[in-house]
Amino acid sequence: MVLTNIVAGTPPLPSAVVLRPAQNEVETNGSQLVNVDTESDVRAVLGGAIPNVLPISVGAVEASCIVMSADKDTRPKRPMTHELLLNSLEVMGGTLESVSLVRVEGTTFYATLDVRAQDGATHAIDARPSDAIALALYADAPILANEDVLERAGLPDFSAIKHDEQERELSEFHSFVEGLSPEDFKAPDQK
């Protein structure tokens with residue numbers, strides 16, 4: 001998943017993050033990642049389905065942390081909590097392999113930090129999605145979502161629908177132009 005939007009509202013306005021499948025990696029049949037280059041390739045791998053976006057409601061403070069994590073140029077000089085956790089993992093010989101959005105219950109999302117220890121063992125550490133996303137952005141780690149989470153909480157990616165509509169209109173216009181003949185440009189009294 002890649003971060004597409006961050007909405008940092010000031011109460012009472014809500015804050016949210018929006019994730020969508022990365023165009024260069026699409027998961028098929030539950031486990032295999034396939035490299036693709038374009039939106040059309042994504043849809044081909046997904047059997048023509050429109051990819052979902054995943055909006056997640058977060059607090060205003062959490063949205064601000066995600067914004068700081070996403071923009072490397074404006075990060076504070078001193079480590080924030082997410083960077084501190086990442087530094088601690090690295091000092092102890094661990095690496096953040098990825099973060100996973102593992103389930104959703106009602107409007108509550110659950111995430112894990114997928115950590116590989118120095119001895120090679122992997123650990124799924126429970127985390128809030130906002131913290132997991134911020135940490136993934138600091139670490140340049142992939143953000144993964146279980147298929148069930150996308151099915152239950154995902155929304156259609158309306159940019160993909162708009163793209164389809166534009167392609168359909170362009171195809172219709174192309175067919176219209178291809179069907180024109182010089183006779184079509186003569187004034188009614190010249191025919």
Side-chain angles (χ1 to χ4, degrees), residues 1-10 13-58 60 62-63 66-67 69-73 98-111 114 129-130 132-134 136-137 140-191:
M1 305 289 294
V2 292
L3 185 66
T4 59
N5 299 88
I6 305 169
V7 179
T10 304
L13 298 175
S15 298
V17 295
V18 179
L19 303 165
R20 70 179 305 238
Q23 284 191 346
N24 64 343
E25 291 188 334
V26 176
E27 190 168 322
T28 61
N29 61 24
S31 62
Q32 180 185 6
L33 286 176
V34 177
N35 288 324
V36 293
D37 296 319
T38 66
E39 182 78 31
S40 300
D41 291 343
V42 170
R43 303 234 0 239
V45 170
L46 296 176
I50 294 169
N52 285 348
V53 294
L54 188 62
I56 301 174
S57 179
V58 297
E62 290 82 358
I66 293 170
V67 168
S69 297
D71 188 0
K72 292 178 169 87
D73 295 331
S98 62
V99 301
S100 297
L101 302 168
V102 294
R103 73 179 196 278
V104 61
E105 292 176 9
T107 59
T108 304
F109 286 81
Y110 294 84
D114 306 321
S130 55
I133 291 167
L137 293 171
D140 289 323
I143 301 169
L144 308 174
N146 285 359
E147 204 169 296
D148 182 58
V149 171
L150 284 174
E151 287 175 13
R152 293 186 62 193
L155 298 173
D157 182 355
F158 291 108
S159 65
I161 294 170
K162 180 180 175 184
H163 178 73
D164 283 352
E165 184 62 21
Q166 288 172 337
E167 281 188 7
R168 187 190 59 76
E169 288 174 1
L170 186 58
S171 176
E172 286 177 6
F173 181 71
H174 181 71
S175 295
F176 168 75
V177 170
E178 288 292 317
L180 289 175
S181 70
E183 296 295 314
D184 294 328
F185 294 97
K186 291 185 177 178
D189 58 349
Q190 294 178 345
K191 289 185 180 180

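Keep in mind that the numbers below use all heavy atoms, side chains included, and drop hydrogens, waters and symmetry copies.
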Residues which pass side chain to side chain donor-acceptor pair (under 3.5 Å) with Glu178, listed by chain and number, not counting sequence neighbours: none
Closest heavy-atom pair and its distance - Phe109, Ala153: CZ-CB, 3.6 Å
Contact summary for Ala141 and Ser98, nearest pair of heavy atoms: CB-CA, 4.1 Å
Val102 versus Asn146, closest heavy-atom pair with distance: O-ND2, 2.9 Å
Ser171 (side chain) donor-acceptor with Glu167 (main chain) under 3.5 angstrom: no
Pairing residues for Asp71 by the side chain to side chain contact (heavy atoms under 4.5 Å, CB included) criterion, not counting sequence neighbours: Asp73, Thr74
Approximate separation, where rounding is to 0.5 Å, of Glu105 CD and Arg152 CZ: 7.5 Å
Rounded distance [0.5 Å steps], CG in Leu137 versus NZ in Lys72: 7.5 Å
Interatomic distance, Ile56 atom CD1 to Leu101 atom CG [nearest 0.5 angstrom]: 4.5 Å
Nearest atoms (heavy-atom pairs only) where Leu150 meets Ala145: CG-CB, 4.3 Å
